[in-house]
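The first residue in the sequence is number 1, and the count goes up from there.
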Amino acid sequence: MADATRDLVVLTADSNAEHGVRAVLRRHEAVGMRAISFEVFVHPERDPGCLRRSHDFLRPQVGRFERALVVFDHEGCGDTRIRTVLESEVETNLASSGWADRSRAIVVVPEFDAWVWSASPHVDRALGWANRTPALRPWLEAAGFLQTGQTKPARPKEAMERALQEVRRPRSSARYAEIAEKVTLSGCVDPAFDKLKQTLVAWFPQAQ
């Protein structure tokens, strides 16, 4: 749009997602997109607010940004319908509030913490598990958070909380940013994260 001043506005459900998304957007080369200008907001009603009222929250931003993203957790939103149905509903509401085809919704199953877990050693360092015995993944298996052959815990938030408690480190938004800033983005096979990357690449392709 001619009067838009920035490339992207993102609405998230909490500060953990806010910090994680900011870190990913700053790594434009790793994503495969060009550098963009962006702003990230947190909905005061968290996941349910993102699901039901993101279009109201973002309506004042229609003329300030070219594109809009809404990112929230499936588990925390209070709606048990499948991820794609919820995304479609949010996108329809955004379109009717002035965003037309310039917006997307990303619903993370079960929650944003699922994007944290990868085999990267950066995860171990960020969580305080570098050079520990047992290492983080064997400990997760022994504690029942990770089954043999799984790439990430089924309960990612609880696994992170227990892993941090084990090494007496506080859970903070900075840890999400630290992990998102360093781990390889190509190693995450989460469908929601894949949609995020594909959307960003389509919207903001690298210069040829």
Side-chain angles (χ1 to χ4, degrees), residues 1-115 173 176-177 180 185 188-207:
M1 295 178 64
D3 55 352
T5 59
R6 308 192 78 182
D7 293 311
L8 178 68
V9 58
V10 185
L11 179 61
T12 63
D14 57 45
S15 61
N16 295 334
E18 176 196 6
H19 281 70
V21 168
R22 284 185 186 277
V24 170
L25 293 176
R26 286 193 292 265
R27 297 182 61 191
H28 58 93
E29 291 183 352
V31 174
M33 57 187 273
R34 65 174 173 84
I36 62 171
S37 57
F38 63 88
E39 192 165 347
V40 185
F41 294 99
V42 175
H43 200 291
E45 298 174 16
R46 300 175 68 85
D47 301 289
C50 287
L51 170 62
R52 300 186 180 94
R53 283 177 282 280
S54 58
H55 54 290
D56 293 327
F57 188 99
L58 291 173
R59 187 178 286 112
Q61 311 299 332
V62 166
R64 295 186 59 230
F65 295 88
E66 291 282 356
R67 308 277 184 173
L69 274 174
V70 180
V71 182
F72 62 96
D73 295 347
H74 186 270
E75 184 159 287
C77 75
D79 195 315
T80 59
R81 289 176 295 169
I82 62 173
R83 173 182 68 88
T84 52
V85 170
L86 300 182
E87 290 173 344
S88 178
E89 182 173 293
V90 172
E91 290 167 0
T92 298
N93 290 336
L94 288 168
S96 66
S97 69
W99 288 100
D101 60 349
R102 301 182 296 121
S103 59
R104 292 290 183 273
I106 310 291
V107 180
V108 189
V109 181
E111 56 219 351
F112 187 79
D113 299 69
W115 289 0
S173 299
Y176 291 80
L185 301 183
C188 184
V189 295
D190 181 82
F193 190 75
D194 190 51
K195 179 181 179 179
L196 173 65
K197 289 193 297 181
Q198 290 185 22
T199 297
L200 291 172
V201 171
W203 281 352
F204 312 111
Q206 291 177 329

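Around CD of Glu29, the count of heavy atoms belonging to other residues, nucleotides or ligands within 6.0 Å does not exceed 12.
The pair Glu39-Arg6 meets the salt-bridge criterion, since a charged nitrogen lies less than 4.0 angstrom from a carboxylate oxygen. Comment: Glu87 does not engage Arg104 in a salt bridge, judged by the lack of any side-chain N to carboxylate O separation of less than 4.0 angstrom. No salt bridge links Asp73 with Arg46; every basic N to acidic carboxylate O contact stays at or beyond 4.0 Å. Between Asp56 and Arg53 there is no salt bridge, since no side-chain N of the basic residue sits under 4.0 Å from a carboxylate O of the acidic one.
For the atom pair CG of Asp47 and SG of Cys77, the computed distance is 6.5 Å after rounding to the nearest 0.5 Å. Separation of atoms CD (Glu66) and OG1 (Thr5) is listed at 9.0 Å; rounding is to 0.5 Å. Going from atom CD1 of Ile106 over to atom CG of Leu11 covers 12.5 Å, rounded to the nearest 0.5 Å. A distance of 11.5 Å separates CG in Leu58 from CG in Asn93, rounded to the nearest 0.5 Å. Note that CZ of Arg67 and OG of Ser103 are 9.5 Å apart. Values are rounded to the nearest 0.5 Å. The structure places CD of Glu45 at 11.0 Å from CG of Leu51, a figure rounded to the nearest 0.5 Å.
The backbone N or O of Ala105 sits less than 3.5 Å from a side-chain atom of Lys195, completing a donor-acceptor pair. The backbone N or O of Val90 lies less than 3.5 Å from no partner atom in the side chain of Arg52, so there is not a single donor-acceptor pair. Side chain of Ser88 to backbone of Val85: no donor-acceptor contact under 3.5 angstrom is found.
Inter-residue side-chain proximity for Leu25 and Val10 is flagged as met; some heavy-atom pair is nearer than 4.5 Å. Contact check for Thr199 versus Leu196: no side-chain heavy atoms found under the 4.5 Å cut-off. Under the 4.5 Å side-chain criterion, counting only non-hydrogen atoms from C-beta, Leu69 is in contact with Leu200. Considering only heavy atoms from C-beta on, Trp99 comes within 4.5 Å of Gln61 through its side chain. Side-chain contact between Val70 and His55: absent, with no pair of heavy atoms (C-beta onward) separated by less than 4.5 Å.
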Should Phe204 and Leu8 be marked as a side-chain contact (heavy atoms from CB on, under 4.5 Å) after you check the CA-CA gap, both sets of side-chain angles, and the distance that decides it? CA-CA 10 Å; Phe204 312 111; Leu8 178 68; 4.0 Å; yes
Check the pair Asp7 / Arg34 against side-chain contact (heavy atoms from CB on, under 4.5 Å), numbers first and verdict last. CA-CA 11 Å; Asp7 293 311; Arg34 65 174 173 84; 3.4 Å; yes
Does the salt bridge (charged side-chain N to carboxylate O under 4.0 Å, His left out) test come out yes or no for Glu89 and Arg81, once each step is laid out? CA-CA 11 Å; Glu89 182 173 293; Arg81 289 176 295 169; 3.0 Å; yes
Run the numbers on Val9 and Phe41 for side-chain contact (heavy atoms from CB on, under 4.5 Å), then give the verdict. CA-CA 8 Å; Val9 58; Phe41 294 99; 3.6 Å; yes
Check step by step if side-chain contact (heavy atoms from CB on, under 4.5 Å) holds for His74 and Leu86. CA-CA 9 Å; His74 186 270; Leu86 300 182; 3.7 Å; yes
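Residues Ala68 and Trp203 share a closest heavy-atom pair of O-CH2, 3.3 Å. Contact between Ser173 and Ser15 at its shortest, heavy atoms only, is OG-OG, 2.8 Å. Heavy atoms only, all atoms of each residue included: Phe38 and Arg26 are closest at CZ-CG, 4.1 Å. Residue Val31 comes nearest to Val201 through the heavy atom pair O-CG2, 3.5 Å, listed as atom of the first residue, atom of the second, then distance. Residues Gly76 and Pro48 come closest through the heavy atom pair O-CD, 3.5 Å. In plain terms, the two heavy atoms of Ala13 and Phe72 that are nearest each other are CB-CB, 4.1 Å.
Classification of the Trp115-Phe193 ring pair by plane angle, with boundaries at 30° and 60°, yields perpendicular.
Take Arg22 and apply the side chain to side chain donor-acceptor pair (under 3.5 Å) test, not counting sequence neighbours, and it matches Glu18. Every residue two or more places apart in sequence or in another chain that forms a ring-ring contact (aromatic ring centres under 6.0 Å, His included) with His43 is listed here: Phe57.
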